[in-house]
Amino acid sequence: MAELFLRACRGEPVERTPVWLLRQAGRYQPEYRALREKHSLLELIGTPELAAQVTMLPIDSFGLDAAIVFSDILPPLVGMGLELDFVKGDGPRIGNPIASPRDVDLLGAPPAEETLTATLEAIRIVRGELESRDVPVIGFAGAPFTLASYAIEGGTSKDFTRTKAFMLSEPAAWKRLLGKLVTVQADYLLAQATAGAQALQVFDSWAGRALGREDYLRYVAPHNRELYAKVAAAGVPVINFSLGVSAYLEDAAACGGDVVGLDWTLPLDEAWGRVGLDRPVQGNLDPASLLAPWRELAVRIDDVLERAGGRPGHVFNVGHGLTPGTPVDNVRRLVEHVHERTS
Ligand code: CP3
């Protein structure tokens with residue numbers, strides 16, 4: 001199916017709805033768990049051949065319509081001078097989190113070609129392998145607020161108090177921090193497109209969880225707008241996935257990107273109506289649906305498809321990442337079902 005996903009991203013009519021899944025490569029797959037017995041997450045990400053191998057796992061197993069390069073949103077922080085580790089059972093850890101304006105000024109902004117070579121090389125390898133199979137490769141990066149929250153909190157946070165305290169107490173340093181992150185992320189996304197990524201996704205996982213609308217508009221939206229404006233130069237479709245922004249979805253979508261990635265909290269038709277039916281969307285099955293028995297999962301897949309109504313410009317996806325307990329068989333049946341129902 002030539003470029004089904006890319007055509008849907010441009011809002012063009014397609015023979016059937018393309019489908020890929022957030023965190024489609026990961027711990028729910030026995031092959032991934034076997035690789036993780038031998039290598040740490042950062043080793044997998046830092047070794048182009050291994051990252052390419054993991055990227056291919058769900059493509060070979062399920063016939064998905066797009067591959068997303070295997071990496072994480074946090075490695076770009078390392079090139080900027082932050083110490084990153086993933087601690088078993090505890091998630092990401094930054095050893096030297098940002099605590100003062102001076103820490104912000106000490107951060108570097110080196111080019112991705114120097115610091116993220118493994119991921120760029122993994123994209124080249126995967127593109128080479130998938131070209132003949134007509135499966136496009138997606139590159140990605142984190143949005144500035146989400147990355148700033150890790151850099152300041154030192155890990156995943158529930159309430160983002162340190163981040164918000166810094167944002168409100170040091171507004172000038174906050175601007176410089178998000179500005180540096182925009183520079184680094186825009187450069188990284190453009191480098192991924194140069195390396196062969198045919199679409200780009202920006203993950204803003206935490207701004208919507210952390211901030212009310214007025215703070216989002218004041219402290220985040222200008223930086224996101226700058227990021228999307230810079231990345232438009234890549235000339236490939238850009239997906240704006242902002243999690244938890246139902247309270248101000250229109251504002252988050254207005255920051256930019258060609259396609260709006262919808263989280264699972266609103267019915268797809270309502271969310272699509274709010275961003276505008278002329279804008280392509282991606283989403284938005286609740287990933288927990290894949291933990292249900294097939295008959296319940298099938299009803300929920302059909303619900304998303306019905307709400308999409310066969311309109312051009314829909315990419316089927318989950319509305320947040322697949323969880324480690326997802327049965328492999330449900331992923332296989334989901335992909336088959338979306339393909340059958342929409343062709
Ligand atoms: O989607 C894919 O298949 C590509 C790979 C991918 C990973 N992380 C691999 C990963 C992508 C796109 C991400 C993005 C990411 N990473 C986000 C944004 C999306 C979202 O979920 O909101 C965020 C916030 C992170 C940060 C992160 N990475 C956390 C909080 C954790 C720990 C929690 C967890 O799920 O374990 C990670 C680790 C991580 N990144 C894993 C994978 C497969 C699990 C690592 C392992 O093997 O132990």
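Counting convention: from 1, in listed order, for ligands and their atoms alike. Numbers here simply count residues along the sequence, with the first being 1.
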**Request:** Test Y228 against N240 for side-chain hydrogen bond (donor to acceptor under 3.5 Å, both in side chains), laying out the working first.
**Result:** CA-CA 9 Å; Y228 289 109; N240 169 347; 3.2 Å; yes
**Per-atom contacts, ligand 1 versus F86 - under 4.0 Å to a heavy atom** = 28 (N), 37 (C), 38 (C)
**Item:** Min N/O separation H320 to ligand 1 under 3.5 Å
**Value:** yes
**Request:** Please answer whether the main-chain N or O of V104 pairs with a side-chain N or O of K180 as donor and acceptor at a distance below 3.5 Å.
**Result:** yes
**Request:** Determine whether the side chain, the backbone, both or neither of S71 has a heavy atom under 4.0 Å from any heavy atom of ligand 1.
**Result:** backbone
**Fill in**
Note: heavy atom closest to atom 41 (C) of ligand 1, options V54, L21, L41, belongs to L41
**Request:** Indicate if Y28 and I301 have the same hydrophobic cluster label, given that clusters are the connected sets of ILVMFWY residues with side-chain heavy-atom separations under 4.5 angstrom.
**Result:** yes
**Fill in**
One finds that the ligand 1 atoms under 4.0 Å from a non-hydrogen atom of T156 are 30 (C)
**Asked** Are I59 and V335 grouped together when hydrophobic residues (ILVMFWY) are joined by side-chain heavy atoms under 4.5 angstrom apart?
**Response** yes
**Prompt:** Nearest to atom 22 (O) of ligand 1, what protein heavy atom do you find, and at what distance?
**Reply:** S205 OG, 2.6 Å
**Asked** Who's the nearest protein heavy-atom neighbour of atom 47 (O) of ligand 1, and how far?
**Response** Y32 OH, 2.5 Å
**Message:** Hydrophobic clusters here meaning ILVMFWY residues chained together by side-chain heavy-atom distances under 4.5 Å, can you tell me if V331 and L305 are in one?
**Reply:** yes
**Message:** Looking only at protein heavy atoms, which one is nearest to atom 35 (O) of ligand 1, and what is the separation?
**Reply:** R27 NH2, 2.7 Å
**Asked** Does any N or O atom in P92 lie less than 3.5 angstrom from one in ligand 1, N or O only?
**Response** no
**Message:** For atom 15 (C) of ligand 1, what is the closest protein heavy atom, and at what distance to 0.1 Å?
**Reply:** R23 NH2, 3.5 Å
**Request:** Give the residue, atom name and distance (to 0.1 Å) of the protein heavy atom nearest atom 48 (O) of ligand 1.
**Result:** R36 NH2, 2.8 Å
For residues 147-154, run the donor-acceptor check on the side chains, cut-off 3.5 Å, and write out each pair with its distance to 0.1 Å, sequence neighbours left out.
{"residue": "S149", "atom": "OG", "partner": "T146", "partner atom": "O", "Å": "2.8"}
{"residue": "Y150", "atom": "OH", "partner": "W206", "partner atom": "NE1", "Å": "3.0"}
{"residue": "E153", "atom": "OE2", "partner": "R162", "partner atom": "N", "Å": "3.3"}
{"residue": "E153", "atom": "OE2", "partner": "T163", "partner atom": "N", "Å": "2.9"}
{"residue": "E153", "atom": "OE2", "partner": "T163", "partner atom": "OG1", "Å": "2.6"}

**Asked** Taking the six-membered ring of W272, is NZ or CZ of R279 closer than 6.0 Å to its centre and within 45° of its axis?
**Response** no
**Item:** Nearest-contact summary for atom 8 (N) of ligand 1 - protein heavy atom, Å
**Value:** D72 OD1, 2.9 Å
**Message:** Before you tell me yes or no, could you show the steps for D286 and H320 under side-chain hydrogen bond (donor to acceptor under 3.5 Å, both in side chains), namely the whole-Å CA-CA distance, both residues' side-chain angles and the distance that decides it to 0.1 Å?
**Reply:** CA-CA 7 Å; D286 182 347; H320 198 189; over 6 Å; no
**Message:** Can you confirm if the aromatic rings of W174 and H223 lie within a centre distance of less than 6.0 Å?
**Reply:** no
**Request:** Starting from atom 23 (C) of ligand 1, find the nearest protein heavy-atom neighbour and note its residue, name and distance.
**Result:** I73 CD1, 3.4 Å
**Complete:** Near I68 (heavy-atom distance under 4.0 Å), the atoms of ligand 1 are 1 (O), 2 (C), 3 (O), 4 (C)
**Prompt:** Taking only heavy atoms of Y150, which atoms of ligand 1 are found under 4.0 Å from at least one of them?
**Reply:** 24 (C), 26 (C), 30 (C)
**Request:** Output every pair passing ring pair (Phe, Tyr, Trp, His ring centres under 6.0 Å) with a member in residues 43-83, not counting sequence neighbours, ordered by first then second residue.
**Result:** Y32-F70
**Request:** Just need the protein heavy atom nearest to atom 11 (C) of ligand 1, so name the residue and atom and give the distance.
**Result:** F140 CZ, 3.7 Å
